[in-house]
Amino acid sequence: MIAAGAIPVATHAQDDAGFQAYLESLRPKAAAMGISDATLNRVFPELTPNPRVIQLDQNQPGGGAYSPIPNFEPYRQKHVDSARISRGRIAYQANRARLARIEAETGVPEEIMVAIFGHETNYGSYTGDFDLIRSLATLSWEGRRRTLFEPELLATLKMLDNGVPRSRLVGSWAGATGYPQFLPSVYLRLGKDGDGDGKADIWTSEADALASIANYFVQSGWRRGQPWGISVSVPASLDRASMAARTSPTRCPRVFNRHSRWLTIAEWRRLGLVRTGGNWPADTVMATLLEPDGPNKTAYLLTSNYRVILDYNCSNFYALSVGLLADAVKQ
Ligand SMILES: [Ca+2]
């Protein structure tokens, strides 16, 4: 795409001065995190704003509170397709021993780790090539979402200071990096060594990426032995209105508002729901109902583990297709 909304040339010199002044203002915060002056002195002088990143940020759909939600089925067909399933099986087989060990340690199913890897970067085949420090410095300086991006810029500088090579510090325009597309602050908190060399290399080591994904899921409260969800068929007679959630979600309301209230599996079974293609979880497991394309289409009962996938990326389409890809990879 041509950078139609790029910063006009006349303002460049002024912007560059403001940009450098902004970077200088970060020094006390960086020092408080133990980032050395030498690292900052190496990076800051050569840094310039990236107008392309500002443009991408401004082109983001603005929450779209009233835009209609499309059907899930076309998305599922595109994202849980035979190519992604077969590549998932290859990644699964290639890492079996390691995945089994991580699952034993963490309770996070092997196929869930593989499905996240598959969804985030198509099993490592595209991880983004934006320079993270330049992108995050631009977004922090520009200021619209500074509270989000400035801590990520500082975290990236911390990674560099810790010895992660600058060449590794690339990713999406908004700062997600490596096979699991972690934000830098997430990497610092949860990046994990999976192959025993003492480094959490989420850019070239599948073992480290998978161990880091599992670590994220553990920290977000994944419950061992429970599925993410199950597919069900719902009797046409079910009174959906009485199933509506009674609480107002505090985050991503458009995602959580689509879920019913919580009932136990035993209660859902009493209401006449039928499990399609598998076993029921234990009667005491709590689940919400989601019918992504409306009544009489596909329907899913979702456990608290589904919320962990939403914690990774707050989108029902994302979380459903991770769950369904995981199920397909394991078959
Ligand atoms: Ca490692």
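Reckoned from all heavy atoms, side chains included, excluding hydrogens, waters and symmetry mates. Indexing begins at 1, ligand by ligand and atom by atom, following the structure's order.
Residue side and main chain included, Asp201 places no N/O/S atom under 3.0 Å of the Ca ion (ligand 1). Here Lys199 meets the criterion, with an N, O or S atom under 3.0 Å of the Ca ion (ligand 1).
In this model, no donor atom of one side chain and acceptor atom of the other lie less than 3.5 Å apart for Glu24 and Gln20.
Look at Arg269 and Asp283 and you find a salt bridge, because one of the NZ, NE, NH1 or NH2 atoms lies within 4.0 Å of a carboxylate O, short of that distance.
Under the 30°/60° scheme for interplanar angles, the aromatic rings of Phe72 and Tyr300 are found to stand perpendicular.
Rounded to 10°, the angle formed at the Ca ion (ligand 1) by Asp208 OD2 and Asp195 OD1 is 120°. Asp193 contributes OD1 and Asp197 contributes OD1; the angle these two atoms make at the Ca ion (ligand 1) is 90°, rounded to 10°.
By the 6.0 Å and 45° rule, Arg96 stacks over the aromatic ring of Tyr92.
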